[in-house]
Amino acid sequence: MIIDEINSPDLRRIGHDDPQFHICYQMELSIKEIERHPPGKPLPETLSTELQRCIIQLSPLVPLPNSVKLQIWKLSYRLWNACVDLSNAAGVKSSAYKLNEEHAKLRQASADLLFLACDVSGIPSPAFKTASFFYKTGLIWHELKKFDLANNCFEKATDLTSKIKISSISDDDEKRLLLDINIARARTAWEVSDRNLCITLLNRSKNLLFGVAENYKALANQYMIFAKTLMSKGEVSGVNEETKLMNEALELCEKGLKIVKGVEEKTALKDLKSKTLRFMAASHLQRDEFESALRCVKFLRSGERDEHPSLSVLAMKAWLGLGRFVEAEKELRGMVLDNGIPEGIWVSAVESYFQAVGAAGAETAKGVFLGLLGRCHVSAGAALRIVNKVIGDGGCDGKDASVRAKVVAELASDDRVVELFAGEAAAKERTAMHAILWNCAAEHFRSKNYQISAEIFEKSMLYVLYDMEGRTIRANGYRVLCLCHLGLSQPDRAEEYINEADKLEPNIATAFLKFKVYLQKNDNNAATSQLQAMLSCLDFTTDFLFLAAHEATASHSLPVAIASFSHILDLYSAGKPMPTTEVVTFRTLVALLSHDHNNDSIILKQMRRAHGRMCDLGPKAFFGKGEAGKREKNWFSVNAWNSGVRSGKEEKYDLCAEFFRLASEFYNAVTDEETEGNNMMVCQSLILSVSAIIADEKHKHGTLTETEVKQAITLLETVQKILKSTAGESDNLLETIGHNFLFAYTWSAYDLYGRLDGMGHQQLLLIKQYVNSKTSTPDHLLQIGLDASQGPRSNQEVASFVLNTCLSALLAAPLPDYATVALVLRKLISLGTVWKGDTRDDSVMEMYRQAYRIMVGLKEGEYPVEEAKWLSMTAWNRAAVPVRLGHTETAKKWMGMGLELARMVPGMQAYISCMEEFVAGFEEGVQEKMDTGKSSAVLVS
């Protein structure tokens with residue numbers, strides 16, 4: 001009998017005093033609202049809340065009259081059917097609707113209503129119907145992951161059916177409901193990790209199979225599901241339990257096959273049994289029980305007409321695990337002959353084989369894949385997976401990497417493989433294939449495997465379309481191929497690629513790579529011209545110019561490097577933002593030029609340029625702030641100084657003078673860390689600069705113009721000003737510039753003053769200042785005296801003063817150098833004779849007498865013999881003129897000095913005899929003259 005056909009009282013005629021009917025009336029209103037609810041729209045929470053409130057109000061009123069129970073049944077079925085109608089009306093959204101929690105609450109309310117009126121008379125099997133409602137509601141709660149609510153429903157269903165004797169149940173649907181409730185409870189217990197209860201419930205279910213093959217299959221399948229779940233987790237602790245569950249499933253399949261009668265049911269059980277055995281094989285593989293896995297496969301193959309595709313994979317993996325690669329390869333190649341093997345399975349098999357065998361299996365993997373291309377449909381995704389697996393992630397070093405790369409290149413370039421990626425449908429896979437090949441080639445490039453890298457980059461371009469987007473990608477490919485061939489020192493091949501890139505996408509990167517090609521071809525002119533092409537690129541950035549400079553430096557292309565840095569320095573002047581400071585660029589360029597001493601003139605030019613920028617910007621802005629700026633200034637100062645020293649040693653005095661002059665400018669600059677320049681180094685640099693100017697004149701046998709002389713004097717006057725401002729006394733002045741530099745300053749100033757008219761007095765004051773410094777040495781004084789006593793610009797007054805001072809200094813020494821003393825005496829005597837030209841000059845005679853006094857007491861040979869002879873002879877010969885002129889006393893005086901000096905010189909006995917004889921004769925002659933008025937003289941020469 002249909003429930004709707006059972007007569008029940010009209011609730012509208014019942015009085016409001018009866019609470020049971022009042023509650024039923026309220027529920028009917030809510031159910032009507034649900035029946036009128038638009039499908040697809042969310043159910044309001046108030047409806048389920050109102051129904052649950054009514055159920056709570058009815059619970060204390062149990063037991064209810066049969067009429068009320070019938071009405072409750074009708075209301076329950078109306079509510080259930082309304083929920084079903086809403087689910088069905090939702091169409092494609094029905095699944096989402098069923099999983100709605102409000103929907104589950106309404107279903108729960110429907111089941112709870114039946115539970116209140118479960119024992120109603122007139123309805124067959126009310127307990128089973130109520131249990132069915134709870135079972136179906138529990139399934140919905142289970143799907144919503146509300147396992148406590150689901151378990152509550154299943155337990156109520158179990159309680160309702162447990163009161164009925166199984167033997168009295170004749171309806172097949174009711175029998176199946178008992179099994180389904182038990183399995184559902186087991187599933188819920190599994191979800192809350194109550195595995196003991198779960199297994200207990202499954203075992204109880206064995207008593208509810210009722211000899212129905214479908215029931216055996218359902219229970220065996222549930223055992224399999226739990227076993228698969230454990231296997232997927234890979235828990236060591238669950239291995240035994242996993243095996244037990246699979247064995248239970250197998251046992252149920254065997255028992256089911258014994259009683260099954262229908263062909264379809266028998267086939268279904270056999271399929272489940274085979275599936276269970278395959279999972280058992282997989283489980284053995286997971287635990288490295290390879291022999292057991294092979295036994296499972298062997299058993300399956302012996303009993304199945306159509307071999308399942310996964311058996312080859314299971315067998316191959318087992319052979320791989322045993323290290324028997326030949327058998328594994330046979331299984332893999334056998335898959336090629338089976339057109340029915342799904343793509344995913346053989347792709348997975350190839351991946352597993354290659355993962356186990358490694359690079360040694362690369363050729364096999366390639367052969368299998370290409371063999372499959374000719375037998376069955378292969379997707380671009382499958383090819384992508386194979387290529388990705390062959391490439392692997394083992395790095396790019398070693399023989400294995402080369403083998404992998406070779407196989408990948410062959411696979412990717414096969415026309416059949418390329419064809420897989422043609423068309424819009426494979427656009428995503430084509431992009432992925434290009435990315436995989438590109439990344440592989442990039443890894444090899446970073447490992448400097450340029451040959452392999454170039455080959456794979458070429459293959460990657462097979463997966464680039466000839467459209468606007470592909471145009472940029474191909475240009476990038478050509479550029480990176482250019483780099484590969486540059487790495488292989490194949491500039492001609494590199495040039496071909498970069499020219500192709502230039503046709504597709506001319507930009508700064510392309511221009512820069514052309515520059516690199518010209519460098520490798522040692523074509524400095526073309527490389528220099530390419531610098532200008534780089535500057536004209538629309539996307540030019542200064543970073544590329546710095547890269548060009550460093551590339552040229554690394555390639556030892558000095559002219560190109562100089563041109564690069566020159567362009568960079570031009571950009572500083574233009575005010576463009578630069579990655580490094582201008583002073584660093586200047587320093588780098590000068591340091592580069594300094595590697596070859598033949599670049600001194602270029603170094604000088606660049607240092608002048610740096611000095612000009614320093615003057616334009618100011619030292620603080622040019623060199624920088626803080627200690628860094630101070631270091632930069634010192635670098636330029638020291639470098640200019642060292643360049644001057646080197647040029648001087650190489651007799652490049654013109655460059656030397658300029659370098660020292662620049663050094664003085666750099667030393668004189670003031671940065672943040674300084675309050676004034678390095679005055680000592682400024683003075684020394686200027687002194688050396690002037691000295692180099694004079695040395696250059698002598699070296700080139702030229703003559704300084706008056707302007708050049710005045711300019712040099714100006715430099716020395718700068719030194720004088722600095723010295724006066726920093727040194728109040730001569731000793732402090734000496735401490736400022738040092739002994740040698742004070743002499744160089746004095747000597748250079750003396751030389752320059754002598755070139756101008758009316759500067760003789762200034763020269764004498766300069767020399768006296770130097771002498772008064774108390775640091776003058778006899779050697780320095782002698783050099784000044786010699787210069788002052790000879791040449792067209794001689795100054796006899798200075799010479800006499802300096803030589804006399806020098807003589808005094810020599811004689812004051814503890815061990816005088818008599819060779820130098822003799823030289824000074826000779827110069828003073830010669831100077832006195834030439835300057836005054838009077839043989840009767842007492843000063844000249846005094847010089848001879850001083851020489852005689854010096855020689856007195858000396859050891860033989862201590863005073864230079866030749867100089868002593870010279871003194872003796874010249875003193876004797878000086879008597880010749882007085883003799884002729886009849887100046888008897890003067891003649892006697894000089895002859896006497898000559899004779900006395902001769903007696904001090906060893907080896908002059910013969911001369912002394914002649915002299916004495918002549919003196920005696922001269923005296924007789926004088927007497928005879930007095931008598932006769934005649935005179936004669938014989939001079940010794």
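Computed over heavy atoms, backbone and side chain alike; hydrogens, waters and symmetry mates excluded.
Atoms CZ and CZ, on Phe565 and Phe546 in that order, are 7.5 Å from each other to the nearest 0.5 Å.
Thr874 places a side-chain N or O within 3.5 Å of a backbone atom of Leu871 that can act as its donor or acceptor partner. The closest donor-acceptor contact from the side chain of Ser689 to the backbone of Ser685 lies at 3.5 Å or more, if one exists at all. Not one N or O on the side chain of Asp751 forms a donor-acceptor pair closer than 3.5 Å with the backbone of Trp747. At distances below 3.5 Å, at least one donor-acceptor pair connects side-chain atoms of Ser664 with backbone N or O atoms of Arg661. At least one donor-acceptor pair under 3.5 Å links the side chain of Asn599 to the backbone N or O of Leu593. Using modelled atom types, one side-chain atom of Thr528 and one backbone atom of Asn524 make a donor-acceptor pair closer than 3.5 Å.
A donor and an acceptor atom, one from each side chain of Glu697 and Tyr653, are nowhere located under 3.5 Å apart. Counting only N and O atoms by type, the side chains of Tyr572 and Thr580 include a donor and acceptor under 3.5 Å apart.
Using the six-membered ring where Trp is involved, His780 and Phe743 have ring planes that are parallel, under 30° apart on the 30 and 60° scheme. Tyr848 and Trp894 have perpendicular rings, their planes meeting at more than 60° on a 0 to 90° scale where under 30° would count as parallel. Ring-plane geometry between Tyr863 and Tyr818 is classed as tilted, the angle between the planes lying from 30 to 60 degrees on a 0 to 90 degree scale.
In this structure, Gln762 places its CD atom where more than 12 heavy-atom neighbours from other residues, nucleotides or ligands lie under 6.0 Å away.
Between Glu846 and Arg853 a salt bridge is recorded (basic side-chain N to carboxylate O distance below 4.0 Å). Note on Glu916 versus Arg903: salt bridge recorded, some NZ/NE/NH1/NH2 to OD/OE distance being below 4.0 Å. Between Glu706 and Lys710 there is a salt bridge, with a side-chain nitrogen of the basic residue lying less than 4.0 Å from a carboxylate oxygen of the acidic one.
Of all the heavy atoms in Ala663 and Ser637, the pair that sits closest is CB-O, 4.0 Å.
Residues Phe659 and Val645 have side chains not in contact (no heavy-atom distance under 4.5 Å, counting atoms from C-beta outward). Contact annotation: the side chain of Trp876 never approaches that of Tyr911 to less than 4.5 Å [non-hydrogen atoms, C-beta and beyond]. Here the side chains of Phe586 and Arg613 are in contact, with some heavy-atom distance below 4.5 Å. Contact check for Phe741 versus Leu688: side-chain heavy atoms found under the 4.5 Å cut-off. Taking the side chain as every heavy atom from C-beta outward, Leu807 and Gln850 approach each other to under 4.5 Å. Contact annotation: the side chain of Phe622 never approaches that of Glu632 to less than 4.5 Å [non-hydrogen atoms, C-beta and beyond].
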Could you go step by step and tell me if Leu571 and His567 meet the side chain to side chain contact (heavy atoms under 4.5 Å, CB included) rule? CA-CA 6 Å; Leu571 295 178; His567 282 300; 5.8 Å; no
Between Phe660 and Ile693, does the side chain to side chain contact (heavy atoms under 4.5 Å, CB included) criterion hold? Intermediate values first, please. CA-CA 11 Å; Phe660 278 121; Ile693 292 171; over 6 Å; no
Passes side chain to side chain contact (heavy atoms under 4.5 Å, CB included), Met845 versus Arg878? Steps please. CA-CA 10 Å; Met845 173 59 71; Arg878 284 179 181 274; over 6 Å; no
